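Only a predicted model underlies this, so the values are computations on that prediction, with no experimental measurement involved. These values consider heavy atoms only, across backbone and side chains, with no hydrogens, waters or symmetry-generated copies.
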Amino acid sequence: ILKKTDAEEEMDHIWYWFAYSFLGYCLEKLFAAATRSSHRLRRCFVFLPLCPVYGFAMVTILLLGAEKLPGAWEQILLGMLAATAMQYAVHWGYERLFQVQFWDYSSTKCDVNGRICLPFSICWGILSMLAVRYVQPVLEGYAALLPGWAAALVVFLVTLDGILTARVLLTTHDIDALTPRTLLRSKRRRTA
């Protein structure tokens, strides 16, 4: 078996981040619908249907070698710890940079600063074990088929949408304002 170059592995991690961010977005939409959440939009970007905390968590778990762990319990434990740490860091970053909260677990038992909580940490562990065992092998096959230029395009689109998203959040400090309409309104106000 040929060993991948560092550049090929980096491209694969871009794809994994993108895929898990999209799958996380879908999971958030399902959860919002099932719980009849007041934040049904569950947006993280203005345009792209991505939830980056899932991408960052899963890439971290993969970089820590979750696939090489022998048992499900070890994968669950690694997933719980790594994903929960990443979730805390992402939440802290959103609060510090944009003064927003995409989630608040303060009403959930066993929470830490409303950023993380035990029930969702357990969910992270189970989801990450399932992803490592059943989703990741499929994604690896697809990632191998994708051309390098496509990864550059994804990075460009995510960066562009990230800049637009940051603009909206810095202006409004409101996660529900993450819509193209908000961007157009702020542009009209500047030109008027």
Distance-only criterion, 3.5 Å: show the donor-acceptor pairs between side-chain atoms of residues 143-161 and protein atoms not counting sequence neighbours.
{"unit_1": "Thr159", "atom_1": "OG1", "unit_2": "Val155", "atom_2": "O", "d": "2.7"}
{"unit_1": "Asp161", "atom_1": "OD1", "unit_2": "Val46", "atom_2": "N", "d": "3.4"}
{"unit_1": "Asp161", "atom_1": "OD1", "unit_2": "Phe47", "atom_2": "N", "d": "3.2"}
{"unit_1": "Asp161", "atom_1": "OD2", "unit_2": "Phe47", "atom_2": "N", "d": "3.0"}
{"unit_1": "Asp161", "atom_1": "OD2", "unit_2": "Leu48", "atom_2": "N", "d": "2.6"}

Thr60 versus Leu63: any side-chain heavy-atom pair under 4.5 Å? no
I need the minimum non-hydrogen distance between Trp124 and Gly79, along with the two atoms involved. CB-O, 4.2 Å
If you round to the nearest 0.5 Å, how far is CG of Asp111 from CH2 of Trp103? 13.5 Å
Just by distance, with hydrogens left out, do Tyr105 and Asn113 show a side-chain donor and acceptor under 3.5 Å apart? no
Report whether Tyr88 and Tyr94 are members of the same hydrophobic cluster (ILVMFWY, side-chain heavy atoms less than 4.5 Å apart, transitive linking). no
Show the nearest heavy-atom pair for residues Phe22 and Pro49, with the distance to one decimal. CD1-O, 3.3 Å
What do you reckon, are the aromatic ring centroids of Phe56 and Trp17 less than 6.0 Å apart? yes
Hey, are the side chains of Cys51 and Cys44 touching, using non-hydrogen atoms and a 4.5 Å cut-off? yes
Parallel, tilted or perpendicular for Tyr16 and His13, by the 30°/60° rule? perpendicular
Given the rule that I, L, V, M, F, W and Y join up when any side-chain heavy atoms are under 4.5 Å apart, are Leu130 and Tyr142 in one cluster? no
With a 4.5 Å limit on heavy-atom distance, are the side chains of Met80 and Ile122 in contact? yes
Answer with yes or no whether the hydrophobic clustering places Val168 together with Leu170; edges join I, L, V, M, F, W, Y residues whose side-chain heavy atoms lie under 4.5 Å apart. yes
Could you tell me whether the side chain of Val100 reaches within less than 4.5 Å of the side chain of Asp174, counting heavy atoms only? no
The criterion is side-chain contact (heavy atoms from CB on, under 4.5 Å); which residues satisfy it with Glu67, sequence neighbours excluded? Leu62, Val132, Gln136, Glu140
Using atom types as modelled and distance alone, determine if a side-chain donor or acceptor of His173 lies under 3.5 Å from a backbone N or O of Phe98. yes
Heavy atoms only: give me the nearest Ser128-Ile61 pair and the separation to one decimal. CB-CD1, 3.5 Å
What distance do Thr182 atom OG1 and Asp176 atom CG have between them, rounded to the nearest 0.5 Å? 9.5 Å
Does Leu69 belong to the same Ile/Leu/Val/Met/Phe/Trp/Tyr cluster as Ile126, with side-chain heavy atoms less than 4.5 Å apart forming each link? no
So Lys109 and Cys117, do their side chains get closer than 4.5 Å, heavy atoms only? no
Taking Gln75 for the side chain and Ala66 for the main chain, is one N or O donor matched with an acceptor at less than 3.5 Å? yes
Could you grab the distance from atom CZ of Phe45 to atom CG of Leu50, nearest 0.5 Å is fine? 5.5 Å
Would Val90 end up clustered with Ile14 when hydrophobic side chains under 4.5 Å apart are linked, directly or stepwise? yes
Please confirm whether the ring centroid of Tyr20 lies under 6.0 Å from the ring centroid of Tyr54. no
Taking all non-hydrogen atoms of both residues, which atom of Ile76 and which atom of Met129 are closest, and how far apart? CG1-CB, 3.6 Å
Indicate whether the side chain of Arg115 and that of Gln87 have a donor and an acceptor atom separated by less than 3.5 Å. no
Hey, could you give me the OG1/CZ distance between Thr84 and Phe120, rounded to the nearest 0.5 Å? 11.5 Å
